[in-house]
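Side chains included, hydrogens not; waters and symmetry mates left out as well; all remaining heavy atoms used. In this text, all values refer to a predicted model and were calculated from it rather than measured experimentally. Note on naming: letters A, B, ... go to the chains in the order of the sequence lines (proteins, then strands), and numbering restarts at 1 for each one.
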There are 2 protein chains.
Amino acid sequence: MGHDHGHDCCGGDAPARVEQALGRLRASGLRVTEARRALLRALAASRVPLAVDEIHRRSGRGKADRVTIYRSLEAFEQAGIVRRHPLEKGRSLYALETPGHHHHHLVCRACGAIERLEACDAGPIEAGARAKGYTRLTHVLEVHGLCPRCSHG
Amino acid sequence: MGHDHGHDCCGGDAPARVEQALGRLRASGLRVTEARRALLRALAASRVPLAVDEIHRRSGRGKADRVTIYRSLEAFEQAGIVRRHPLEKGRSLYALETPGHHHHHLVCRACGAIERLEACDAGPIEAGARAKGYTRLTHVLEVHGLCPRCSHG
DNA sequence: GTCCGTGCAAATCATTTGCACTTCT
DNA sequence: AGAAGTGCAAATGATTTGCACGGAC
C-alpha cells in the first residue's frame, strides 16, 4: 500500500509548510540538518500521515537511517511540530502538526484508505480527565470501518 | 491487587459474569476448557482491563500458556465476549464485554492507573463517517495523561 | 473419531538502545 | 569546542506462527 488513496487529508502548500516547520525547529533549539529537511519534505508532500518506513522510502536525497527518523520524529513530537497517530496494532503514523486544526482520521480496514474527520468531541472528555487531576493529556481517537468501495460485500 | 489502582472501572458480580461469558462461549460454538475458565475468572475478578501478561499471572490453577491466552482472547473478541482496548505503544488490555455499557478509559502514562470515563461523544463522529459511506464502524478512544500522583515528578 | 484447543520453540516486526563517529552552531 | 545528530549493530518486547500432541464434544 502506501498510496495516497482517500481524499485530501493533510494537504496544503508543501514548501511553505516545510519552511514553517524548519522555523519551529530553530525556535525549539533543534538543529537543522539535511536528513531532517528530507524528513519534513516527505511529510509536507503527503496528503496522509505516514509510517516511518514510508517516510524513509520517500525521503529522496539526504535520506536518513530509520533510526534517525525515529529519533527526529520523537523530538519533533515533543516540540509540537509533528503529530503522531498511534494505530491499533502498535504502529504509528506521523504528520506535520497543523496548529488549530485538531482532527482525526477515518481508516478503512480493508484497503487502508485514510480520510480526515473534522469533528473532534474530545473536549468534554478531556475536561473530565482534567477534573480528576490528570495533566499532560493526549487522546487517541481512531474510527475504523469499511470504505464505500470495500463495503459492497 | 497492587495493580488495580484508580477507581472502579469494570467491576460487577464476578462469578455471575464468568457464567454469562461461558454461556456465550457455548452459544458461539467455542469450547469450554479449564484454561478458558481461568482466563475468564481473571478478567471477571478485575476491576480494570488487563494485559495478557497480567491475565497469565492472575490465572491461578488451570493457568494457560501466554500463547493460548492470546489465541483465546482473539476468539473471544470476535465473538463479542471480550473487549480489547488498544494502548498507545501497541499493547492491548482486555476486559469482559459489558453489553450496553460503552465507555472508554483514562490511562496514566507513568504508573498505568486506569479509570473509567463515562462519557463517549463519538456518536456525531461516527455519523460523519457513515455519511461518507463507511460501514461496520468501530472506534478507539483512549485518553492518556499523568495521574495526580505522577504529575509531581 | 474429529476438530478445536494447547504448549513449546522459534519467528516477526516495529521500535529502542549502546556506542563511536560526524556535524551543526 | 561542545552539544546535538547520525549510523550501524544488536537488543527489546509484545504478539504471531508452525507443528505435534491432547482434550472437548
Original post:
With the sugar-phosphate defined as primed atoms, P, OP1 and OP2, and the base as all remaining atoms, what B/S/- string results for nucleotides 11-16 of chain C, 5' to 3', for protein heavy atoms under 4.0 Å?
Top reply: ---SBB
Original post:
With Watson-Crick and G-U wobble geometry limited to distances under 3.5 Å, how should the secondary structure of DNA chain D be encoded in dot-bracket form, using | for bases paired to another strand and [ ] for crossing pairs?
Top reply: |||||||||||||||||||||||||
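- One atom, CD of Glu34(B), and another, C1' of dC4(C), lie 17 Å apart when rounded to the nearest Å.
- Following rounding to the nearest Å, Asp65(A) (CG) and dT17(C) (C1') show an atom-to-atom distance of 13 Å.
- The side chain of Arg31(B) lies closest to dG23(D) when the candidates are dC19(D), dG23(D), dT25(C).
- Where Arg71(B) and Thr68(A) each meet DNA chain D at their nearest nucleotide, the meeting point lying more 5' is that of Thr68(A).
- The CD atom of Glu77(B) sits 10 Å away from the P atom of dT16(D) (whole-angstrom rounding).
- Between the CZ atom of Arg37(B) and the C1' atom of dA24(D) there is a distance of 11 Å, rounded to whole Å.
- Between the CG atom of Leu50(B) and the CD1 atom of Ile69(B) there is a distance of 10.5 Å, given to the nearest 0.5 Å.
- Across the protein-nucleic acid pair, Leu25(B) atom CG and dC4(C) atom C1' stand 13 Å apart, rounded to whole Å.
- Listed nucleotides: dT6(D), dG7(D), dT6(C). Nearest to the side chain of Ala64(A): dG7(D).
- One atom, CD of Gln78(A), and another, C1' of dA4(D), lie 15 Å apart when rounded to the nearest Å.
- The CD1-P distance, from Ile69(B) to dG5(C), rounds to 15 Å in whole Å.
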